[in-house]
Every structure is written in C-alpha cells, then in structure tokens.
Amino acid sequence: MKSKFELTKVKKAGMVESIKRYFSEERDEEIGDLAAMLILEFIIEEIAPVFYNQGVEDSHAYVGEKLDDLFGIMK
C-alpha cells in the first residue's frame with residue numbers, strides 16, 4: 001500500500017528516533033526500530049491526514065479572507 005505522504009528516508013529515520021526517544025523518556029520503555037516504524041506508519045495512515053486536511057481548510061479560509069479584502073478595494 002502506498003503511503004499518502006512521501007517522506008525521505010532521512011526524515012523517516014528522524015521520526016523513528018523521535019518515537020523511540022519519546023517512549024524512552026516519557027514511558028521509560030525501550031522499543032526497537034521495527035516497533036517505532038510501525039507506530040510511524042500508523043500515524044501517517046490514520047492520524048496525519050486529519051491534521052493535513054485541517055491545514056488545507058485553514059489555508060482555504062485564510063486565502064478566502066484575503067480575497068475578500070482584495071475585492072474590498074475595488075472602486
């Protein structure tokens with residue numbers, strides 16, 4: 001299955017390390033690369049689209065407001 005988000009290997013590796021660090025520091029648990037990668041894949045597939053879509057909606061609202069401002073200067 002193709003991921004909805006394209007990430008470089010370097011970015012993915014950094015995210016995996018962040019997940020491992022979170023588990024170590026916040027939960028006092030050590031998890032391996034595979035477990036961290038599976039968590040990352042879950043986040044990418046299930047959670048990230050919600051934030052992405054919210055960003056698109058926020059951007060649309062912002063641009064819409066700016067267009068309204070632009071139309072307001074018409075003579």
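Side chains are part of it too, since the values below use all heavy atoms of this structure and drop only hydrogens, waters and symmetry mates.
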Chemist: Distance from Leu38 atom CG to Ile43 atom CD1, nearest 0.5 Å?
Modeler: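 Spacing of CG (Leu38) from CD1 (Ile43) equals 11.0 Å.
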
Chemist: Is Leu40 linked to Ile47 within one hydrophobic cluster, defined over Ile, Leu, Val, Met, Phe, Trp and Tyr using a side-chain heavy-atom separation of less than 4.5 Å?
Modeler: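 Per the 4.5 Å side-chain linkage, Leu40 and Ile47 are co-clustered.
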
Chemist: Look up atom CD1 in Ile31 and atom CD1 in Ile39, then write down how far apart they are to the nearest 0.5 Å.
Modeler: 4.0 Å

Chemist: To the nearest 0.5 Å, how far apart are CD1 in Ile19 and CZ in Arg21?
Modeler: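 Output value for this atom pair is 10.5 Å.
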
Chemist: Mind running side chain to side chain contact (heavy atoms under 4.5 Å, CB included) on Lys11 and Glu6 for me, showing each step along the way?
Modeler: CA-CA 10 Å; Lys11 285 184 183 179; Glu6 295 296 322; over 6 Å; no

Chemist: Does the pair Asp33 and Lys20 meet the rule for a side chain to side chain contact (heavy atoms under 4.5 Å, CB included), with working shown?
Modeler: CA-CA 8 Å; Asp33 289 341; Lys20 290 170 63 176; 2.6 Å; yes

Chemist: Give the intermediate values and the outcome of side chain to side chain contact (heavy atoms under 4.5 Å, CB included) for residues Tyr22 and Arg27.
Modeler: CA-CA 7 Å; Tyr22 170 80; Arg27 300 179 48 98; 3.9 Å; yes

Chemist: Take atom CG of Asp28 as the centre, draw a 6.0 Å sphere, and report whether it contains more than 12 heavy atoms from other residues, nucleotides or ligands.
Modeler: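 12 or below, so no.
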
Chemist: State, to 0.1 Å, how close Val16 and Ala36 come at their nearest heavy-atom pair, and which atoms those are.
Modeler: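 For Val16 versus Ala36, the nearest heavy atoms are CG1-CB, 3.6 Å.
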
Chemist: Determine, using the 4.5 Å side-chain heavy-atom cutoff (strictly less than), whether Phe51 and Phe42 are members of one ILVMFWY cluster.
Modeler: yes

Chemist: Under the side-chain hydrogen bond (donor to acceptor under 3.5 Å, both in side chains) test, which residues partner Gln54, sequence neighbours left out?
Modeler: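 For Gln54 the side-chain hydrogen bond (donor to acceptor under 3.5 Å, both in side chains) partners, ignoring immediate neighbours, are Asp58.
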
Chemist: With rounding to the nearest 0.5 angstrom, report the CD to OG distance, Glu17 to Ser24.
Modeler: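 With rounding to 0.5 Å, CD (Glu17) is 11.0 Å from OG (Ser24).
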
